[in-house]
Amino acid sequence: MKRRTLLGAALAGAVVTPVLGASTARAADPGPAVTLTGTTTLDTQALFFVSYNGLVNNNAFQKNAMLTYKGYQYAVWYTADRNAVVGRRVFGSNTWSTVKVGHTLRYDDSHNVISMGISKVDGRLHLNMDSHSDGFTYVKSVAGLMDNPGGLSWTTSRFGAPQSTLDGLALTSQFTYPQFVSTPEGKLQLSYRVAISGNGRNALAEYDGTSWTNLGEWSSSTGTYTSEHGSSTARNMYLHGIDYDKNGRLHSFFTWREQNGAVMCNGGGITNHDTGYVYSDDRGRTWRNNAGSVVGTTGSSDKVAVTDSGLVIDALNPDHSLMNQESQWTDSAGRPHAIISYVPGRFGQCTTNYVTNRTANGRAFHVRKNASGAWQKTEIPVPLNSSQRTKLFLDKYDNAYAIFPFLRIAGASAASGYTDWTMLYDGVGAGLNAFGEVVFDESRIGADHFLSVMYQEKSSGTTPSALRSVNFSLPA
């Protein structure tokens with residue numbers, strides 16, 4: 001516990017004055033910019049209901065709700081009649097062709113998102129959906145569908161029947177947060193949580209083009225965490241993401257959520273605390289802390305635990321309504337970046353209603369590892385005006401972009417050391433009528449330097465509303 005506190009204090013000292021020389025940007029590199037190129041409509045009447053303050057078609061922890069592969073863009077959502085569909089369009093077309101995959105949403109629960117992944121080893125599209133601490137539904141396409149999109153018809157017959165396992169591999173009866181990630185070799189991994197909020201573990205499964213293997217759990221829910229208010233002996237690690245960099249290192253930022261509310265100053269807050277970081281150089285088999293020490297082995301009894309040293313890169317107690325599952329990215333040198341958000345201490349040392357307090361006083365922060373290996377943190381001078389999550393990405397010049405709720409975009413240049421955050425686009429002022437959290441096509445950023453953001457228009461009750469994509473060109 002002492003080492004954890006000291007590391008947090010060291011970071012806090014580095015926050016105030018970012019190192020301008022930490023960037024690898026050249027003086028001639030352009031700064032951040034977004035140029036609106038148009039919008040497309042995916043569904044004029046998509047399923048709408050508000051649950052846990054969010055929407056099932058636009059939840060920031062989805063990976064992926066949109067993706068780009070070999071000249072086509074793909075998206076997933078639930079229609080007004082609760083059917084799960086996959087849409088695709090060829091670049092340059094505003095028309096989305098959709099297919100139903102044989103599943104209808106069971107509950108009005110915004111956790112029950114649809115996530116996509118591609119196994120490049122056999123050209124299949126994979127979907128995992130409709131789960132919140134219970135069973136999941138899994139669908140995969142025929143082999144080669146993603147490799148020959150122009151030559152294979154886009155029909156329901158290209159997808160297999162919905163399954164409650166991964167081709168016979170049963171993972172857990174309490175499954176949540178599917179996130180697909182492609183390995184550098186073209187295999188496909190599935191990250192997920194076992195058990196429940198406040199008492200769960202992260203796990204991985206892997207598809208090699210022939211079959212799925214359960215690699216096992218890698219984070220622990222046990223151990224004692226003590227704040228100034230009380231203690232908790234159970235928790236779960238919420239991931240901000242799980243991503244490979246250009247060199248094949250797997251990165252993950254996270255925050256802990258405690259089961260026992262006694263760790264908080266007030267029961268209206270949220271028990272999330274601390275921002276941590278781990279990485280893996282062996283495809284998620286072992287996990288290392290910031291110093292490079294092994295702190296967990298997937299599938300073994302030695303899992304990443306709250307009591308492990310060297311995990312916390314930004315210390316924060318549970319009294320500031322720190323958000324879980326925010327966002328992360330890696331830059332062109334493989335250095336990790338993240339967005340975190342909470343109510344800073346200047347607005348008080350005890351949040352009493354995390355939705356109200358975050359909406360009134362929440363702020364987002366850009367946390368990154370600089371070229372010298374030190375962690376830096378910069379407040380983004382844009383009020384959240386929401387309790388919800390902000391997304392992060394970097395362009396080819398390593399400029400950083402934050403996509404706030406309601407589709408407001410801010411950017412900062414690598415050349416400035418990320419000190420010049422400014423608003424680039426205001427979806428509120430543009431009249432988009434976006435509900436709140438948005439999702440974007442991570443793969444398209446690198447494919448053709450375009451930003452595609454999917455959002456759903458505000459509605460009321462369970463009245464369906466339009467699901468749209470707005471597109472921007474980035475510095476190329």
For this session: Would you please classify the geometry between the Phe180 ring and the Trp212 ring as parallel, tilted or perpendicular, with 30° and 60° separating the classes?
Result: tilted
For this session: Could you tell me if the ring centre of His251 sits under 6.0 Å from that of Tyr244?
Result: no
Exercise. Using 4.0 Å as the upper bound for N to carboxylate O, is an ion pair formed by Glu442 and Lys63?
Worked result: yes
Problem set entry | is_close_aromatic(His240, Phe254), centroid dist under 6.0 Å | no
Exercise. Going by atom types alone, do Arg468 and Thr39 pair a side-chain donor with an acceptor below 3.5 Å?
Worked result: no
For this session: Could you tell me whether Glu326 and Arg389 make a salt bridge, using a distance below 4.0 angstrom between a side-chain N and a carboxylate O?
Result: no
For this session: Establish, for the pair Arg249 and Tyr279, whether the NZ or CZ atom is under 6.0 angstrom from the six-membered ring centre and no further than 45 degrees off its axis.
Result: yes
For this session: Flag the pair Phe435 / Phe406 as yes when their ring centroid distance falls below 6.0 Å, and as no otherwise.
Result: no
Problem set entry | Residue pair Glu206, Arg285: steps toward the salt bridge (Lys or Arg N to Asp or Glu O under 4.0 Å) verdict | CA-CA 11 Å; Glu206 186 173 85; Arg285 271 63 174 180; 3.0 Å; yes
Problem set entry | Phe472 and Tyr425 aromatic centres sub-6.0 Å | yes
Problem set entry | Distance-only side-chain donor-acceptor flag, Arg257 / Asn324, under 3.5 Å | yes
Problem set entry | Donor-acceptor side-chain pairing of Gln349 and His320 below 3.5 angstrom | yes
For this session: State, without any angle test, whether Gln179 and Ser191 hold a side-chain donor-acceptor pair at a distance under 3.5 Å.
Result: no
Exercise. Regarding Trp421 and Thr378, is there a side-chain donor-to-acceptor distance under 3.5 Å anywhere?
Worked result: no
Exercise. Salt bridge (Lys or Arg N to Asp or Glu O under 4.0 Å) between Lys377 and Asp314: does it pass, once the steps are laid out?
Worked result: CA-CA 9 Å; Lys377 175 179 162 187; Asp314 186 42; 3.0 Å; yes
For this session: Establish, from distance only, whether the side-chain atoms of Ser133 and Arg193 form a donor-acceptor pair under 3.5 Å.
Result: yes
Problem set entry | Presence of salt bridge, Glu185 and Lys120, under 4.0 angstrom | no
Exercise. Using the benzene-type ring in the case of Trp, are the ring centres of Phe175 and Tyr192 under 6.0 Å apart?
Worked result: yes
For this session: Examine the side chains of Asn59 and His111 and answer whether a donor and an acceptor come within less than 3.5 Å of each other.
Result: no
Problem set entry | Carboxylate-amine/guanidinium contact Lys187 Asp208, below 4.0 Å | no
Problem set entry | Asn289: partners by side chain to side chain donor-acceptor pair (under 3.5 Å), with sequence neighbours left out | none
Problem set entry | Sub-6.0 Å ring centroid separation between Phe440 and Phe393 | yes
Problem set entry | Side-chain ion pair, Glu379 and Arg346, N-O less than 4.0 Å | yes
Exercise. Regarding Asp441 and Ser443, is there a side-chain donor-to-acceptor distance under 3.5 Å anywhere?
Worked result: yes
For this session: Would you please indicate yes or no on a ring centroid separation below 6.0 angstrom for Trp77 and Tyr455?
Result: no
Exercise. Can a donor-acceptor pair be found between the side chains of Arg89 and Gln73 at a distance below 3.5 Å?
Worked result: yes
Problem set entry | Check: Thr255/His273 side-chain N/O donor and acceptor closer than 3.5 Å | no
Exercise. Judged by modelled atom types alone, do Trp96 and Thr40 share a side-chain donor-acceptor pair under 3.5 Å?
Worked result: yes
For this session: Tell me yes or no: between the side chains of Tyr342 and Arg358, is some donor less than 3.5 Å from an acceptor?
Result: no
